[in-house]
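All heavy atoms count here, side chains included; hydrogens, waters and symmetry mates do not. These figures come from a predicted structure and were not determined experimentally.
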Amino acid sequence: MSARRVVITGMGVVSPAGVGREAFAAAQAEARSTVGVISQFELNGLPCRVAAEVRGFDPLAYMEPSDLKRAPRAAPMGIAATREALADAGLDTPEHAGMRRELGVIIGSGAGGIEFGERQYRHYFSGEHGRISPYSISNSFVGSLSSEISIALGLTGRSHVVSTGCTSSTDAIGYAFDLVRHGRADVAITGGIEACITPALMTGFCRMKVVAMAFNDRPGQASRPFDRRRDGFVIGEGAWVLVIEERDRALARGARVYAEVAGYGSTCDAYHRVALNPDAVQPARAIDLALSDAGLVSGAVGYVNLHGTATRLNDEVECRVVRKVFGSTGRGPAVSASKSMFGHPQGACGAMGVAATALAMRDGIIPPTINLDDPDDGFDLDFVQHTARLDEIENAVCNCIGFGSKNSALVLRHPGAGVAGRAR
């Protein structure tokens with residue numbers, strides 16, 4: 001059986017920009033920072049005081065109070081985004097009830113239910129053992145997130161969480177993409193969910209010296225990938241969920257299409273638990289594999305959504321990656337980093353980049369990197385700085401680089417004239 005073409009027909013988002021994909025799309029079109037002072041817990045002298053939090057989200061609109069007591073913060077965000085994605089794809093109608101019930105959920109997350117777990121540990125270490133939830137084990141582990149979605153929506157297909165650090169949701173989308181194109185599923189729910197703004201995690205990141213600490217009094221300027229004054233990433237959170245399906249099936253039912261998922265590649269540096277290999281060979285190979293999978297040459301790519309964490313080594317290596325893949329002369333494709341506006345939602349960042357890129361294809365823009373006032377030495381790529389650029393994206397790469405030497409990339413293709421009903 002030949003490989004089938006796979007398209008994105010639904011999208012749901014809960015992000016620091018607000019609830020809904022259009023709030024997310026508007027923020028990137030307006031080049032708006034969503035970073036603020038942390039409000040979820042007492043900072044108690046924490047040297048990093050900023051994050052891109054989801055604010056104004058009512059979890060009671062998606063889960064019963066009794067369920068919320070035993071669920072991590074990420075669960076209702078994931079349920080909300082999945083409901084929106086299914087409705088956007090037109091699969092929430094009674095006529096699709098039977099098919100919808102069989103749907104699989106393949107989600108990427110790095111921290112999973114760690115926020116719920118931290119709450120339980122606080123009870124334990126304060127001697128309040130009677131306050132520890134009987135669900136402390138089942139709902140603290142990473143795999144609980146897909147289960148929460150499957151149970152809430154009655155979805156009886158496969159229910160998997162991919163957890164590979166920062167590449168988690170890129171790998172989850174790649175896994176779901178493989179299932180659909182090779183005929184093991186016609187439709188799948190995929191993406192990334194993360195709620196990792198917690199006291200212990202934030203303290204750990206501060207101890208690693210990888211988060212921004214120099215802009216506590218100017219939160220909107222704190223996330224500045226590739227800028228000379230960058231001093232680390234800004235933690236983010238949210239849920240970016242996609243419905244992907246076989247292209248001919250989508251066309252037959254008149255679905256609107258955001259983009260085609262055309263290729264996927266993944267490698268490992270096998271180098272270090274945290275640091276990147278400066279040679280940039282394996283991240284570049286991941287992109288090359290994704291392009292080969294998509295049947296594209298590097299010159300056909302007009303945009304790269306960068307991992308862009310704003311840590312010193314990551315930005316340096318990623319610039320080398322772009323040069324290795326797209327050539328050392330000329331400016332190459334336009335590039336930008338969504339994290340400058342929405343922070344770094346850890347395992348969900350790949351799905352955030354895919355959603356940002358698919359919406360940019362829909363809206364005829366190239367998203368910006370904000371706070372990029374002065375690119376560091378040697379960073380001579382075609383950065384889209386400060387404001388979105390009006391332009392059509394035909395082919396794009398979404399790149400992710402993670403702890404543990406992991407690298408993953410996805411290729412998106414504009415639906416084009418061959419796919420009716422371009423999303424609008």
Side-chain angles (χ1 to χ4, degrees), residues 72 74 78 104-115 117 140-147 149 158-179 188-196 201 204-205 208 210 233 235-242 244 261 263-277 280-290 293 305-309 311 313-314 317-318 321 338-339 343-355 397-411:
V105 180
I106 300 122
I107 293 296
S109 184
I114 196 169
E115 173 268 340
S140 295
F141 85 112
V142 177
S144 68
L145 291 186
S146 64
S147 298
I149 293 170
R158 66 186 75 219
S159 185
H160 296 170
V161 173
V162 176
S163 189
T164 54
C166 295
T167 60
S168 296
S169 55
T170 304
D171 293 329
I173 296 169
Y175 173 29
F177 166 55
D178 279 342
L179 290 174
I189 295 165
T190 188
I193 307 168
E194 204 77 277
C196 51
L201 275 181
F205 283 130
M208 290 176 70
V210 294
F233 60 76
I235 295 289
E237 63 179 355
W240 291 264
V241 176
L242 309 172
I244 64 170
V261 183
Y264 167 63
S266 182
T267 65
C268 182
D269 285 1
Y271 177 73
H272 193 273
R273 295 179 183 88
V274 178
L276 281 66
N277 191 327
V281 169
Q282 293 306 325
R285 190 168 74 92
I287 295 177
D288 284 337
L289 289 170
D293 196 30
N305 186 277
L306 298 169
H307 190 59
T309 60
T311 52
L313 184 58
N314 184 101
V317 169
E318 197 163 22
V321 168
S338 298
K339 293 180 182 69
H344 185 358
Q346 301 300 294
C349 70
M352 178 179 75
V354 169
V397 168
C398 297
N399 190 48
C400 271
I401 300 171
F403 287 163
S405 294
K406 294 179 175 67
N407 315 288
S408 294
L410 288 161
V411 174

Nearest atoms (heavy-atom pairs only) where [X] meets [Y]:
| X | Y | result |
| --- | --- | --- |
| Leu313 | Ala275 | CD2-CB, 4.4 Å |
| Gly191 | Ala172 | O-CB, 4.0 Å |
| Gly117 | Ser140 | CA-OG, 3.2 Å |
| Pro345 | Met352 | CD-CE, 3.8 Å |
| Gly402 | Cys166 | CA-CB, 3.8 Å |
| Ile173 | Val354 | CD1-CG2, 4.1 Å |

Is it true that a side-chain atom of [X] and a backbone atom of [Y] form a donor plus acceptor pair closer than 3.5 Å?
| X | Y | result |
| --- | --- | --- |
| Ser338 | Gly353 | no |
| Ser169 | Gly347 | yes |
| Thr190 | Ile106 | yes |
| Ser159 | Ser146 | yes |
| Thr309 | Thr311 | yes |
| Glu318 | His307 | yes |
| Asp293 | Tyr264 | yes |
| Ser168 | Thr164 | yes |
| Ser408 | Cys400 | no |
| Glu194 | Gly236 | no |

Drop me the distance from [X]'s [atom1] to [Y]'s [atom2], to the nearest 0.5 angstrom.
| X | Y | atom1 | atom2 | answer |
| --- | --- | --- | --- | --- |
| His160 | Leu145 | NE2 | CG | 14.0 Å |
| His344 | Glu237 | NE2 | CD | 14.0 Å |
| Asn399 | Leu410 | CG | CG | 9.5 Å |
| Gln282 | Ile401 | CD | CD1 | 11.5 Å |
| Ile244 | Leu179 | CD1 | CG | 8.0 Å |
| Cys349 | Trp240 | SG | CH2 | 9.0 Å |

[X] side chain near [Y] side chain, heavy-atom distance below 4.5 Å:
| X | Y | result |
| --- | --- | --- |
| Ser266 | Asp171 | yes |
| Leu276 | Asn314 | yes |
| Ser109 | Val162 | no |

side-chain contact (heavy atoms from CB on, under 4.5 Å) evaluation trace for Leu289 with Thr267: CA-CA 9 Å; Leu289 289 170; Thr267 65; 3.7 Å; yes
Among Asn407, Val411, Val321, side-chain contact (heavy atoms from CB on, under 4.5 Å) partner for Ile287: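 So, applying the side-chain contact (heavy atoms from CB on, under 4.5 Å) to Ile287 and each of Asn407, Val411, Val321, only Val321 qualifies.
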Aromatic plane relationship, Phe205 with Phe233 - under 30° parallel, 30 to 60° tilted, over 60° perpendicular: perpendicular
